[in-house]
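Worksheet for the structure shown next.
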Amino acid sequence: MARNHLYLVDGSSYIFRAYHRLPPLTNPQGVPVGAVYGYTAMLWKLADGLDKAEGPTHLAVILDHSSQSFRNSLYDQYKANRPEPPEDLRPQFPLIRDATRAFSLPCIEMEGYEADDLIASYTVAAQAAGWDVTIVSSDKDLMQLVTPDPKGDEPHVDMLDTMKNVRMGREAVFEKFGVGPELVGDVLALMGDSVDNVPGVRGVGPKTATKLIQEYGSLEAALAGAETMKPSKLRDNLIEHADMARLSRQLVELHRECPLPQPLEELRLDGIPTEPLRDFLLLHGFKSMAARIGGDAPAPAAGAGPNRAAAMGGGVLGEAWQPKGNGSTAPAAPALPEHPAIDRSRYETVTTLDALDRWIAEARAIGHVAIDTETDSLDAITGGLVGVSLSTAPGNGCYIPLGHGGHDLLSEKPEQLPMDVTLARLKPLFADDAVLKIGHNLKYDMAVLAQHGLTITPLDDTLLLSFALDAGQHGHGLDELAKLHLEHQCIAFKEVCGTGKSQISFAEVPLDRATEYAAEDAEVALRLWMLLRHRLWQEGGTKVYEMVDRPLVAAVTAMERRGILVDRETLSRLSGTFSQDMARLEAAIHAEAGGPFTIGSPKQLGEVLFDKLGLKGGRKGKSGDWSTDQSELERLERDGVPIARMILEWRQVAKLKSTYSDALQDQINRVTGRVHTSYSLVGAQTGRLSSTDPNLQNIPIRSETGRQIREAFVAAPGNVLIAADYSQIELRLAAHMADVPQLKAAFAEGADIHSLTAEELFGEVTRDTRAKAKTVNFAILYGISRYGLASRMEISNDEAQAIISRYFERFPGISDYMQRTLEGARERGYTETLFGRKTWFPRINSKNQGERQGAERAAINAPIQGTSADIIKRAMVRMDGALADAGLSSVRMLLQVHDELVFEAPEGLVDAAIPVIRRVMSHAAEPAVTLSVPLDVEVGTGANWGAAH
DNA sequence: GCGGGAGGC
DNA sequence: AGTAAGGCCTCCCGCC
């Protein structure tokens, strides 16, 4: 018999978060109900988990009765400077009680006590009765209640963040505070809380507070130890504000012995009467939820898009709360309110400070704002800011021109606000924790604004939202999404600025036209955000978005801005050598061919080789031309055709020269003197990053000639480059995900994985069998076929098939994994990484064999490649903080190459940096995922990138 | 603007 | 019945 499990819902804090995270819905009476909707859906989800292992047997909602509590008598400033809740949130407070009553759930509040104290008291009482407790909240104060050290069968207390759908136990508390729950109060007392106006100690934030408590073991010990600390500002502050710290400790202490207004047993959850609930849902227009109760509720509107499938799930609630088979019964949302069509004539051009302030106030009042920046070039690192557009709701938008005109002596500079004054006013808004900034590819806007000292936080990015939901389904450009989701055609950039030679800078666009274009982008981003946020929340996928991609924006922006130093001299010397090599080879090739032709033209080359010279065995591609690819030329070379080798060499040198030694010189930024690549966070369907302008993820390394290019990537004077890469990460993940005991054991022991495979496949380990085994291992990751392996290994299809069969026999987990993955992809249409990142495969059930097989191979590869991408991204998100915590802020992460991170560090700090880098990377999967294989990280250092390997 | 070819993981 | 037959990318070039 499972024991009782009490869920305590922190209703007051939930509604604030729901308000900021959900679209501003209104009910048929025009009352805003976005937060109420979120709250209702959350209750639904919780009550729906009734029969599940971790689900509630008892449940109560706890609310703040009033803002007065014993804390006010301790400290009259407590919560004194809390801002008033936003206008459209206030009417939603009483509705929270209505919603709770509609579910016939107990709603507990008490004069003079805050919700936190009631929650603490119920938690303690339930624990004493031997119950488990889950606190539904993300309030950091409540983390003090999490059971410090769950042993065996003792009842436990954890927290559940329903918005992010994550449970937080002791580990999560550690991750956040660096100490166990029992010391959280001490940390909180030191750091203070500006929202609640808990004073703390001046100059002590979360980092220092954690460090002090870790070092001294408690607040009192830290205060006592201050006297013996070495003289510093911190020491002075600790001594001077010791009383404030002690007062703060009392303020954050939870009152655990409040009288319980309702006894524990009365909180039992055993069925929800449907009548009052349906009435409530219909009253507020939550139609699809109402429809799922059954009865005479009207069916959701036809064509409700993504909501429809969920709405047709039907009947869950009416049938005594049986959870559905797969357990993930996110309630369907009400149809989003119809917004008026986009009307560009309503946009405002902001040219006065009064108007600017009005927009800023509007953004603060509503709690979110969509932003977009316009520049005079695509280069975000040094491009000039031309204007900023804002939108706070469907139907509005403005453009603030800042850098128009002045480039053309004939045209006058239009009337506009001064840039410095405007940015000074926008700066606090863009950094305001209470105002969510929405945009499409905010990494670009962040880079542009960073030039002026502005930061953007917190943020939501519609590009990343779309990617989290629909990777593999379609592109994620703003215009494409507007067409797809809003049925709206955006003004194209080229309609405003033209193309080619006659293209003008955005700074030259007349203000009326610029306003239409720029404000439209902001409004479209805002409307998309409403839709996509909502879908993400319904369809799942928030975890990877919240924990990985969203925090990555700032990390990647910082890397791009840092850039990497490239030595022009080295490159131009290489270009010279390559020119000579090419001229020499060209002469020899022409002599051999009996006349000049364009070697770089595969068409001409094919004709020369197979028609003119009459070489045998060529094959033709679908264009009807002879194939002249590497394998074809290598075949000719083996047949003793000397021109083949020369052509191969010519191609290699030509590639290196045009793509790297020549092109990279042009990419050195005039202003910074460094090369700043641009990373796309949505460039690869699997979740990998991609790099462009220039692509720094394909700098040569395999050939000796190519490797010389790497030597041009150098550390700044006094610094060293550190290259850290995951060893065999994809094979390790395959071993874990497919659960292959031999492979896992080999990785655990640090054995050579290709040798092990060679032993298993061929019975002996030689240079030759090891090389073959390596090829097979990689082919497996890419979704093997006997044909592919045969051509790669230059053996017959039958031989290739025999090797594959033997591989599957030796490692049965691999073929099971492939089958499972494919079945999942066929049924659901997508695959998932260990962290829950989805990739869609719309062609997985195609009737076209080629398409289908291609999708199958991709589907086998995606979870492995994608999990690897998730892991290195998690490492990147944590890296700067970890380095800073270790006092290594001057160690800078510069590049990511899929399984490698490159850093630049002052010479004296290299030895200190390496263990930090290694630790962050090798533990990056944790705590979300515990791998059954170690993640080894190989680290090299050097004056240049070539030497660091 | 496409496709072949080649650089990386 | 026979074909084509390794995953994820970006960049350059010739050619249309």
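Every chain is numbered from 1 and lettered A, B, ... according to where its sequence line falls, protein lines coming before strand lines.
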Base, sugar-phosphate, or nothing: which does [X] touch, judged by heavy atoms less than 4.0 Å apart?
| X | value |
| --- | --- |
| A:Glu900 | nothing |
| A:Ala684 | sugar-phosphate |
| A:Leu781 | nothing |
| A:Leu656 | nothing |
| A:Ser791 | nothing |
| A:Ser691 | sugar-phosphate |
| A:Ala654 | nothing |
| A:Gln685 | sugar-phosphate |

_Below 30° counts as parallel, above 60° as perpendicular, anything between as tilted: where do the rings of A:Phe778 and A:His754 land?_
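Geometry flag for A:His754 against A:Phe778: tilted rings.
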
*Please state whether the rings of A:Phe811 and A:Tyr807 are parallel, tilted or perpendicular, taking 30° and 60° as the class boundaries.*
perpendicular

Any [X] side-chain N or O less than 4.0 Å from OP1/OP2 of [N]:
| X | N | value |
| --- | --- | --- |
| A:Thr659 | C:dT10 | no |
| A:Ser601 | C:dC15 | yes |
| A:Arg651 | B:dG4 | no |
| A:Ser690 | C:dT10 | yes |
| A:Gln697 | C:dC11 | no |

Give a yes or no answer on whether the side chain of [X] reaches the backbone of [Y] with a donor-acceptor pair at less than 3.5 Å.
| X | Y | answer |
| --- | --- | --- |
| A:Arg878 | A:Met921 | no |
| A:Thr659 | A:Leu656 | no |
| A:Thr867 | A:Leu834 | yes |
| A:Arg674 | A:Gly563 | yes |

Among [options], the one nearest [X] by side-chain distance:
| X | options | value |
| --- | --- | --- |
| A:Ser658 | B:dG5, C:dC12, C:dA5 | C:dC12 |
| A:Val897 | C:dA5, B:dC9, C:dC8 | B:dC9 |
| A:Arg702 | C:dG7, B:dC9, B:dG7 | B:dC9 |

*Is it true that A:Arg635 and A:Asp639 make a salt bridge, defined as a side-chain N closer than 4.0 Å to a carboxylate O?*
yes

_Distance, nearest 0.5 Å, that separates CG of A:Asp693 from CG of A:Asp379_ = 9.5 Å

*How far, in whole Å, is B:dG5 from C:dT3 if one measures between their C1' atoms?*
23 Å

*Quantified in whole Å, what is the P atom distance between nucleotide C:dG2 and nucleotide B:dG7?*
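Going atom to atom, P in each nucleotide, I get 37 Å.
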
_By nearest heavy atom, map A:Gln865 and A:Tyr787 onto DNA chain C; which one lands nearer the 5' end?_
A:Tyr787

Within this structure, what is the [atom1]-to-[atom2] distance between [X] and [N], rounded to whole angstrom?
| X | N | atom1 | atom2 | answer |
| --- | --- | --- | --- | --- |
| A:Leu605 | B:dG3 | CG | P | 20 Å |
| A:Gln652 | C:dC12 | CD | C1' | 15 Å |
| A:Lys774 | B:dC9 | NZ | P | 11 Å |
| A:Tyr679 | C:dC8 | OH | P | 21 Å |
| A:Met582 | C:dC12 | CE | C1' | 12 Å |
| A:Asn797 | C:dG2 | CG | P | 15 Å |
| A:His898 | C:dC9 | NE2 | C1' | 6 Å |
| A:Ile699 | B:dG7 | CD1 | C1' | 9 Å |

*Does anything in residues 467-478 of chain A reach DNA chain C, meaning a heavy atom under 4.0 Å, and if so which residues?*
none

_Any residue in residues 822-858 of chain A with a heavy atom nearer than 4.0 angstrom to DNA chain C? Just list them by number, or reply none._
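Residues of residues 822-858 of chain A under 4.0 Å from DNA chain C: A:Gln849, A:Arg857, A:Ala858.
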
_Within a 6.0 Å radius of atom CZ on A:Arg843, are there more than 12 heavy atoms belonging to other residues, nucleotides or ligands?_
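Incorrect, the count does not exceed 12.
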
_For A:Tyr830, does the six-membered ring have the charged nitrogen or CZ of A:Arg828 within the cation-pi criterion, i.e. under 6.0 angstrom from the centroid and within 45° of the normal?_
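Output yes; distance and angle both within limits.
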
*Look at the side chain of A:Arg688 and the base of C:dC9, then say whether one donor and one acceptor between them are separated by less than 3.5 Å.*
no

